[in-house]
Amino acid sequence: MSSLNEIKSAIEKYLRDDEWHYTLDKENNVIRCGVNLSNRLQECKIIIDIREDKYMVYGLINLNCDEPNKNQMAKLLAMINYGLIFGNFEIDYSDGEVRYKTATNCKNCIPSKEVIEDSIMIPAYMFNKFGDAIIEVMFGIKDAQEAFDDISDND
């Protein structure tokens with residue numbers, strides 16, 4: 001059976017070996033780091049929440065969606081989420097926070113370097129791929145369907 005400390009050690013080893021800059025909140029077993037993006041968002045914050053037999057990775061951006069655009073944002077995120085395999089986008093209606101979440105089951109195993117890398121990079125990849133559409137809807141430049149169609153046209 002894997003333990004919280006074994007999972008945390010494996011994640012920290014990956015981050016050290018790959019020369020990431022990160023902080024560890026030992027009390028809450030949370031690791032924080034960031035990834036640069038190649039779109040208007042510029043950066044994705046990564047939060048790794050380590051539990052006894054699993055860990056969650058959250059990708060967060062520095063912008064929140066304003067009230068008038070929350071429904072269009074939720075619609076865009078639902079259209080993007082349909083068919084995704086690893087993780088999903090979410091919006092918090094109380095404050096407009098948009099995030100991407102993945103979860104990794106570690107029951108009876110310690111995650112490999114490849115599993116850890118995917119779990120951390122998938123949220124960043126998703127914000128890199130969909131970030132411009134998210135910004136366009138967040139600021140009311142386009143509605144959800146227009147922004148989604150533009151993503152589909154560029155694939």
Side-chain angles (χ1 to χ4, degrees), residues 1-67 69-70 73-139 147-148 151 155:
M1 177 179 223
S2 58
S3 74
L4 184 146
N5 287 330
E6 290 172 314
I7 298 166
K8 182 169 47 176
S9 292
I11 294 169
E12 280 196 280
K13 179 179 180 351
Y14 166 77
L15 293 170
R16 279 191 313 273
D17 289 352
D18 208 44
E19 299 181 1
W20 285 65
H21 299 283
Y22 69 93
T23 60
L24 169 64
D25 175 347
K26 291 181 182 180
E27 185 176 323
N28 295 308
N29 296 303
V30 172
I31 295 173
R32 289 180 173 80
C33 51
V35 176
N36 291 328
L37 303 175
S38 61
N39 61 25
R40 290 179 273 180
L41 289 174
Q42 298 182 353
E43 181 185 24
C44 176
K45 295 182 281 186
I46 302 292
I47 298 173
I48 306 167
D49 181 4
I50 306 162
R51 308 278 176 92
E52 193 59 42
D53 58 358
K54 64 184 154 293
Y55 68 95
M56 281 76 64
V57 178
Y58 300 96
L60 302 161
I61 55 175
N62 288 324
L63 300 169
N64 287 22
C65 190
D66 290 333
E67 190 63 42
N69 301 318
K70 285 181 185 174
M73 180 60 67
K75 183 177 178 180
L76 173 66
L77 298 181
M79 289 188 287
I80 292 170
N81 281 340
Y82 184 77
L84 291 181
I85 297 170
F86 297 109
N88 61 281
F89 280 102
E90 301 175 327
I91 183 171
D92 182 340
Y93 263 85
S94 69
D95 65 4
E97 176 186 78
V98 174
R99 68 183 185 184
Y100 194 89
K101 173 183 73 181
T102 64
T104 302
N105 180 345
C106 299
K107 284 185 182 170
N108 301 318
C109 69
I110 305 301
S112 69
K113 173 187 180 254
E114 292 79 12
V115 167
I116 294 167
E117 181 174 48
D118 282 353
S119 68
I120 293 171
M121 293 309 296
I122 286 172
Y125 172 78
M126 291 300 177
F127 273 115
N128 207 50
K129 181 174 181 175
F130 300 112
D132 287 338
I134 289 169
I135 284 178
E136 290 167 342
V137 172
M138 192 173 278
F139 290 106
F148 185 75
I151 296 165
D155 279 348

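Fair warning: this is a prediction, and the values are worked out from it, not measured in the lab.
- The shortest distance between side-chain heavy atoms of Asn69 and Phe139 does not fall below 4.5 Å.
- Distance CG/Asn88 to CD1/Ile80: 11.5 Å, rounded to 0.5 Å.
- Residue Phe86 places its CZ atom among 12 or fewer non-hydrogen atoms of other residues, nucleotides or ligands, all under 6.0 Å distant.
- Residues Leu76 and Phe130 form no side-chain contact, since every pair of their non-hydrogen atoms from C-beta on lies 4.5 Å or further apart.
- Contact check for Phe148 versus Lys75: no side-chain heavy atoms found under the 4.5 Å cut-off.
- Put simply, the residue from Ile47, Ile46, Ile48 that forms a side chain to side chain contact (heavy atoms under 4.5 Å, CB included) with Ile31 is Ile48.
- In this view, Ser112 and Glu114, Val115 satisfy the side-chain contact (heavy atoms from CB on, under 4.5 Å) rule, not counting sequence neighbours.
- Without hydrogens or angle criteria, Asn128 side chain to Ser38 main chain gives a donor-acceptor distance under 3.5 Å.
- Contact of the Ile116 side chain with the Tyr55 side chain is registered, since non-hydrogen atoms from C-beta on lie closer than 4.5 Å.
- Taking CG of Leu63 as the reference point, atom CD1 of Ile134 lies at 10.0 Å (rounded to 0.5 Å).
- By the side-chain contact (heavy atoms from CB on, under 4.5 Å) test, Lys13 is found to be paired with Arg16, Asp17, residues two or more places apart in sequence or in another chain being considered.
- Looking at every heavy atom in both residues, Phe127 comes nearest to Leu60 through CE1-N, 4.2 Å.
- Legend: residues meeting ring-ring contact (aromatic ring centres under 6.0 Å, His included) with Tyr100, ordered by chain and number and at least two apart, are Phe89.
- In this structure, Ile7 and Thr104 have side chains that are not in contact, with every pair of non-hydrogen atoms separated by 4.5 Å or more.
- The side-chain hydrogen bond (donor to acceptor under 3.5 Å, both in side chains) test applied to Thr23 returns no partner, not counting sequence neighbours.
- Residue Ala133 comes nearest to Ile151 through the heavy atom pair CB-CD1, 3.4 Å, listed as atom of the first residue, atom of the second, then distance.
- For Glu90, the side-chain hydrogen bond (donor to acceptor under 3.5 Å, both in side chains) partners are Arg99, Lys101, not counting sequence neighbours.
- In terms of heavy-atom proximity, Gly131 sits nearest to Asn39 at CA-ND2, 3.5 Å.
- Side-chain atoms of Asn64 come within 3.5 Å of backbone atoms of Asp95 as a donor-acceptor pair (strictly under, hydrogens ignored).
- For the salt bridge (Lys or Arg N to Asp or Glu O under 4.0 Å) condition, the pairs that include at least one residue of residues 23-50, sequence neighbours left out, are Arg40-Asp132, Arg40-Glu136, Asp49-Arg51.
- For Asp92, the side-chain hydrogen bond (donor to acceptor under 3.5 Å, both in side chains) test picks out Ser94, with sequence neighbours left out.
- Applying the side-chain contact (heavy atoms from CB on, under 4.5 Å) criterion to Asn29, with sequence neighbours excluded, gives Leu4, Lys8, Ile50.
- With sequence neighbours left out, Asp118 forms a side-chain contact (heavy atoms from CB on, under 4.5 Å) with Ile122.
- With sequence neighbours left out, Thr102 forms a side-chain hydrogen bond (donor to acceptor under 3.5 Å, both in side chains) with no residue at all.
- Residues Pro111 and Tyr14 fail the side-chain proximity criterion, which asks for heavy atoms closer than 4.5 Å.
- Of the possible polar contacts, none joining the Asp18 side chain to the Trp20 backbone as a donor-acceptor pair under 3.5 Å is found.
- Taking all atoms of both residues into account, the shortest heavy-atom contact from Leu84 to Met126 is CD2-CE, 3.8 Å.
- A salt bridge (Lys or Arg N to Asp or Glu O under 4.0 Å) check over residues 55-67, counting only residues at least two apart or in different chains, returns the pairs Glu67-Lys70.
- Between Ser119 and Pro123, the closest heavy-atom pair is O-CD, 3.2 Å.
- Here Cys44 contributes atom SG and Asn62 contributes atom CG; the two are 9.5 Å apart, rounded to the nearest 0.5 Å.
- Inter-residue side-chain proximity for Ile120 and Leu15 is flagged as met; some heavy-atom pair is nearer than 4.5 Å.
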